[in-house]
Amino acid sequence: MSVLIFVDQLDGHIKKASHEALTYGAKIAEQTGVTAEAVVVGAVTEDLAALGKHGVKKVYHVQHDNLKAFDSQVYTKVIAQVAEQSGAKVIVFSNNSSGKALAPRVAVRLKAGLVSGATALPDTANGFTVRKNVFSGKAFATVAITTDVKVISLNVNAYTILTGEGTAEVVPFTATVDAPTMKTIDSTKTSGKVALTEADVVVSAGRGLKGPENWKMVEELAEELGAALACSRPVADAHWRPHNEHVGQTGVAIAPNLYIAIGISGAIQHLAGVNRSKTIVVINKDAEAPFFKAADYGIVGDAFDIIPKITAAVKKVKGH
Amino acid sequence: MKILVCISKTPDTTAKIAFTDNNTKFAEAGVQWILNPYDEWYALVRAIELKEADASTTIHLVTVGGADADPIIRKALALGGDEAIRINTEPTESYLVAAQIAEVAKGYDLILLGKETIDYNGSAVGGMLAELLDAPYVTNATSLQIAGSTATIKREIEGGEETLETTLPLVVGCQKGMAEARIPNMRGIMAARTKPLKVVEANNVEAFTKYTEFQLPPAKAGVKLVSADNVEELVRLLHEEARVF
Ligand SMILES: Cc1cc2nc3c(=O)[nH]c(=O)nc-3n(C[C@H](O)[C@H](O)[C@H](O)COP(=O)(O)OP(=O)(O)OC[C@H]3O[C@@H](n4cnc5c(N)ncnc54)[C@H](O)[C@@H]3O)c2cc1C
């Protein structure tokens, strides 16, 4: 019996979220007294045996010409075959773009109950319950999975990566693979160097910035912090910033270590997508802005004055 | 082209989130219900745009829920659905909902829905439905073009965007970028009153999960304010106290 973790990759590189899922899955295996195993689909440039450092014992590697483009329908059948071989009782995905397409499909295929967006290890002492975010981060729920096989997708940035000793055995897996129905015809990078959902630090700005021409200082601060950029909904709606930067209840939900909100009032719909951030800093000229109630640190003042000063101070702390 | 749009009702985004019955149930008293924004703003409006470009297109709506879902169904009809099906049972979890919809979802060329609901944030019904129908599925979709039986779709991935090509029938989970939100006009609202809303009884489907308890997050300790004249102190606190960079 095993806990099987799906390892997601892009252009051969394993995503950070998958290292979180591997650590999380290995912990579930330890907790339930079974082995942790992983499945990798497609060619990778990284050393798969090294995934053992998160606690997985075996990595099934599936390669096939039909698996070059991400196709949830085709991938699902492959993962289900590996799950059967592995004797998987729990299958873990990251709740990211791939996991959102795969976890529900795999769950149906294996007649397994799914909890998506898990934020903590399952409680296996008495049944099997998993904690997840609901109401866009405004509450948590405990969900019991009542089927024999269970599928969990773990929220990104919800579980700390642990790296120890260990090497995994890498086993090539020959699967029956359907012809793909999906063809990737183009792919573009939209954000800077750091993907918004995976970022440790996010610098976000709102309507208080007055116009798109004022984003340079925000970008400079983000650059200095190695942060991803985000914005409030009206900013994206007005096309000041691309829509993929829109965070909140109807945009992207994020949970970085540090979220810096500049000139954002802190409407309930905005807070819903960002309130899982570990530390929240608010810069707003209005001392009554609701965002201060959700913040850990704040400065009441003019962003145009304060942001360049923060950038300079960060530079100084970083020693350049 | 025959399009099916899956819709659901969710509490208004400003609704107070609280629980009753020993924290086992969402407190519905006084809550305003809306069409799930992802279903409305992106899935439904894109379906309407496709119909505007090709008048032979039909748009059917489906929801799983009790009669309390009828107002949001009428709103979707007012925006531009042709007819609606309500499957009469409580939508207690994703698999149950997907399995109910699968019963009525055969024969459509395109099934659109929001990438998730803003209450249970499952992002699961679309993928489950696609698997039950053995159809291709793309979620986090920001654009959808149809030419004959070929669909060209953009989907957001970590730090980027992919353009995919596939064939109908197809299930698509929609998000921002797909379309611009609209408001129903008077003619739409009048027409919606007489559009068919068929209520069908649910099939017997076993739920795979059960919500057992809800909790509100712990309150924040309170904000530590730093003077605007002392920006370096904020940066020091972030570096040394919060240790976030
Ligand atoms: C159904 C629904 C869904 C929604 N979903 C989302 C969502 O997902 N995400 C989202 O963000 N919003 C969402 N909204 C919109 C939300 O209600 C707010 O309108 C929006 O978040 C406000 O954006 P803002 O804070 O940038 O702008 P404003 O509310 O206009 O706030 C601007 C802030 O900037 C401050 N400011 C101005 N000048 C300066 C300066 N020089 N220096 C410092 N501060 C300054 C002001 O004091 C103010 O607090 C949704 C709304 C609805 C109805």
Side-chain angles (χ1 to χ4, degrees), chain A residues 15 72-73 96-97 100-101 104-105 108-109 113-114 116-117 129 133-136 138-147 181-191 195 197-198 201 225 243-244 246 249-251 257-258 268-269 279 292 294-295 297-299 301 306 309-310 313-314 317, chain B residues 13-14 17 37-38 94-95 98 118-124 126-128 130-132 134-140 142 155-167 176-177 208-217 220 223-226 228 231-232 234-235 237-239 242 244-245:
Chain A
K15 293 182 188 168
S72 63
Q73 196 176 10
N96 66 359
S97 61
K100 283 177 183 173
R105 294 198 81 127
V108 164
R109 194 154 189 93
L114 163 72
S116 52
T129 60
N133 277 307
V134 287
F135 298 99
S136 310
K138 293 175 201 165
F140 294 106
T142 305
V143 187
I145 307 183
T146 49
T147 48
T181 57
M182 253 346 127
K183 210 162 69 194
T184 311
I185 53 178
D186 192 19
S187 82
T188 46
K189 273 203 154 298
T190 46
S191 59
T197 47
E198 295 197 339
V201 181
L225 286 166
H243 60 73
N244 51 53
H246 159 192
Q249 190 158 11
T250 54
N257 282 330
L258 174 60
I268 187 165
Q269 299 94 352
T279 300
F292 284 114
Y297 300 95
I299 296 183
I306 292 163
K309 285 185 186 158
I310 297 184
V314 170
V317 168
Chain B
T13 53
T14 58
I17 305 302
Y38 291 109
S94 314
Y95 176 70
I118 62 166
D119 47 8
Y120 294 98
N121 308 116
S123 50
M128 288 178 167
E131 188 63 20
L132 289 165
D134 200 17
Y137 174 56
V138 178
T139 190
N140 292 10
T142 57
R155 74 168 181 129
E156 197 169 309
I157 55 171
E158 284 66 39
E161 198 161 63
E162 255 178 21
T163 309
L164 305 163
E165 207 176 82
T166 188
T167 49
K176 191 161 186 151
F208 287 174
T209 60
K210 187 175 185 320
Y211 282 78
T212 56
E213 203 194 352
F214 294 94
Q215 267 179 332
L216 292 172
K220 281 257 176 188
V223 60
K224 212 179 240 190
L225 285 179
V226 176
V231 171
E232 291 204 353
L234 173 75
V235 173
L237 286 168
L238 293 178
H239 187 59
V244 282
F245 81 93

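Note on naming: letters A, B, ... go to the chains in the order of the sequence lines (proteins, then strands), and numbering restarts at 1 for each one.
The two residues A:I306 and B:A228 make their nearest non-hydrogen contact at CD1-CB, 4.2 Å. Taking both residues in full, the closest heavy atoms of A:F135 and B:N121 are given as N-OD1, 3.2 Å, listed atom of the first, atom of the second, then distance. Looking at every heavy atom in both residues, B:P217 comes nearest to A:A139 through CD-CA, 3.9 Å. Nearest heavy-atom pair, A:G251 versus B:Y38, reported as atom, atom and distance to 0.1 Å: O-OH, 3.1 Å.
Most heavy-atom pairs under 4.5 Å with chain A: of the set B:P37, B:S123, B:P136, this distinction falls to B:P136. Between chain B and the options A:L258, A:T181, A:T197, A:V201, heavy-atom pairs under 4.5 Å are most frequent for A:T181. Across B:D134, B:L237, B:N140, B:V138, the residue that shares the most heavy-atom pairs under 4.5 angstrom with chain A is B:D134. Ranked by non-hydrogen atom pairs under 4.5 Å with chain B, the options A:K15, A:K183, A:R105 are led by A:R105. Per-residue heavy-atom pair counts under 4.5 Å with chain A were compared for B:A135, B:A130, B:A124, and the maximum is reached by B:A135. Interface summary for chain A: among B:I17, B:T142, B:T163, the most heavy-atom pairs under 4.5 angstrom belong to B:T163. For the options A:T188, A:T279, A:N133, A:N257, heavy-atom pairs under 4.5 Å to chain B are most numerous at A:T188. The residue among B:V244, B:L238, B:T14, B:L132 with the most heavy atom pairs within less than 4.5 Å of chain A is B:V244. Of the listed residues (B:I157, B:V223, B:L164), the greatest number of heavy-atom pairs within a distance under 4.5 Å of chain A belongs to B:V223.
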Inset, instruction - Might you work through the side-chain contact (heavy atoms from CB on, under 4.5 Å) test for B:F208 and A:L114, ending with a clear yes or no? - result: CA-CA 8 Å; B:F208 287 174; A:L114 163 72; over 6 Å; no
Inset, instruction - Determine, step by step, whether A:K138 and B:L216 satisfy the side-chain contact (heavy atoms from CB on, under 4.5 Å) criterion, reporting the C-alpha distance in whole Å, the side-chain angles of both residues, the deciding distance to 0.1 Å, and the verdict. - result: CA-CA 7 Å; A:K138 293 175 201 165; B:L216 292 172; over 6 Å; no
Legend entry - side-chain contact (heavy atoms from CB on, under 4.5 Å) between A:Y297 and B:L234, worked out: CA-CA 8 Å; A:Y297 300 95; B:L234 173 75; 3.7 Å; yes
Inset, instruction - Please report the C-alpha distance between A:S97 and B:E158 in whole Å, then the side-chain angles of each, then the deciding distance to 0.1 Å, and finally whether the side-chain contact (heavy atoms from CB on, under 4.5 Å) criterion is met. - result: CA-CA 7 Å; A:S97 61; B:E158 284 66 39; 2.8 Å; yes
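Note that CD1 of A:I299 is 9.0 Å distant from CG of B:L225, once rounded to the nearest 0.5 Å. Rounding to the nearest 0.5 Å places CE of A:M182 at 11.0 Å from CD of B:E165. We find the CG-CD distance between A:D186 and B:E161 to be 9.0 Å, quoted to the nearest 0.5 Å.
Contact of A:Q249 with chain B is made through backbone and side chain together, with heavy-atom distances under 4.5 Å. Both the backbone and the side chain of B:I118 come within less than 4.5 Å of a heavy atom of chain A. For chain B, the nearby part of A:L225 is the side chain; its heavy atoms alone come within less than 4.5 Å. If you measure heavy-atom distances from B:T139 to chain A, the contacts under 4.5 Å come from the side chain alone. Within the 4.5 angstrom heavy-atom criterion, only side-chain atoms of B:K220, from C-beta onward, approach chain A.
Other residues, nucleotides and ligands place no more than 12 heavy atoms under 6.0 Å from the CD atom of B:E232.
The side-chain heavy atoms of A:P104 and B:E131, taken from C-beta on, include no pair separated by under 4.5 Å.
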